[in-house]
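Read through the structure below, which is laid out as structure tokens, and then see the notes.
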Amino acid sequence: MKIVLPSFAERLKPLRKAKKVTQKQMAGLMDCTEQHYQKIEYGQINVPATTVIFLADYFGVTADYLLGRE
């Protein structure tokens, strides 16, 4: 089952840019490759709940906001 979360991808990039952090820096923070992070940001892959929580905490938003539920 593949569920794509377009609002997640749409909200992630502006949050990253507002913090003036590159995709490479985000990949380093998340301990993944830059290509993997790009796939997250472009909405090409789904992420585990722990990643959503990490990103929400890092950007100071709720997980519901990232997931497009508010």
Side-chain angles (χ1 to χ4, degrees):
M1 173 172 79
K2 182 173 182 172
I3 300 171
V4 179
L5 301 170
S7 57
F8 180 78
E10 290 168 5
R11 293 178 179 197
L12 190 56
K13 185 175 182 177
L15 289 169
R16 177 182 59 78
K17 288 193 170 259
K19 269 202 158 206
K20 298 182 176 152
V21 178
T22 65
Q23 290 179 335
K24 186 174 186 172
Q25 290 169 321
M26 285 302 301
L29 285 170
M30 296 173 61
D31 196 28
C32 66
T33 66
E34 185 176 356
Q35 291 78 16
H36 184 80
Y37 177 78
Q38 287 171 343
K39 287 180 181 182
I40 293 170
E41 193 170 281
Y42 300 149
Q44 295 174 345
I45 60 172
N46 290 314
V47 296
T50 53
T51 300
V52 174
I53 292 167
F54 169 81
L55 291 169
D57 288 346
Y58 181 77
F59 291 116
V61 298
T62 65
D64 278 346
Y65 173 79
L66 282 177
L67 297 171
R69 296 178 48 93
E70 68 173 30

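Index from 1, following the sequence. Heavy atoms only: backbone and side chains are in, while hydrogens, waters and symmetry mates are out.
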* Distance, nearest 0.5 Å, that separates CG of L66 from CD1 of I53 -> 11.0 Å
* Asked: Applying the 4.5 Å side-chain criterion to the ILVMFWY set and letting contacts propagate, would L15 and I45 be lumped into a single cluster?
  -> yes
* From OG1 (T50) to CE (M30), nearest 0.5 Å -> 9.0 Å
* Can you name the nearest heavy-atom pair linking G68 to S7, along with the distance? -> CA-OG, 3.4 Å
* To do: Mark yes or no for whether R11, through its side chain, and L67, through its backbone, hold a donor-acceptor pair below 3.5 Å.
  => no
* Check whether L29 and L55 end up in the same hydrophobic cluster, where Ile, Leu, Val, Met, Phe, Trp and Tyr are linked by side-chain heavy atoms less than 4.5 Å apart. => yes
* Structure fact -> Taken to the nearest 0.5 Å, the spacing of E34 CD from Q25 CD works out to 10.0 Å
* Structure fact -> NZ (K17) and OG1 (T22) are apart, to the nearest 0.5 Å, by 10.0 Å
* Do V52 and F8 have side chains that get closer than 4.5 Å, going by heavy atoms? -> yes
* Asked: With sequence neighbours excluded, what pairs up with Y42 under the side chain to side chain contact (heavy atoms under 4.5 Å, CB included) test?
  -> Q23, Q38, Q44
* Asked: Checking K19 side chain against Y58 main chain: does a donor-acceptor pair fall under 3.5 Å?
  -> yes
* Structure fact -> In short, A63 meets A56 closest at the heavy-atom pair N-CB, 3.7 Å
* Validation row: Y37, L12 side chains within 4.5 angstrom (heavy atoms) -> yes
* Distance under 6.0 Å and angle within 45° of the ring axis: does R16 meet both against F59? -> no
* Report the residues that fulfil salt bridge (Lys or Arg N to Asp or Glu O under 4.0 Å) with D57, sequence neighbours left out, ordered by chain and then residue number. => none
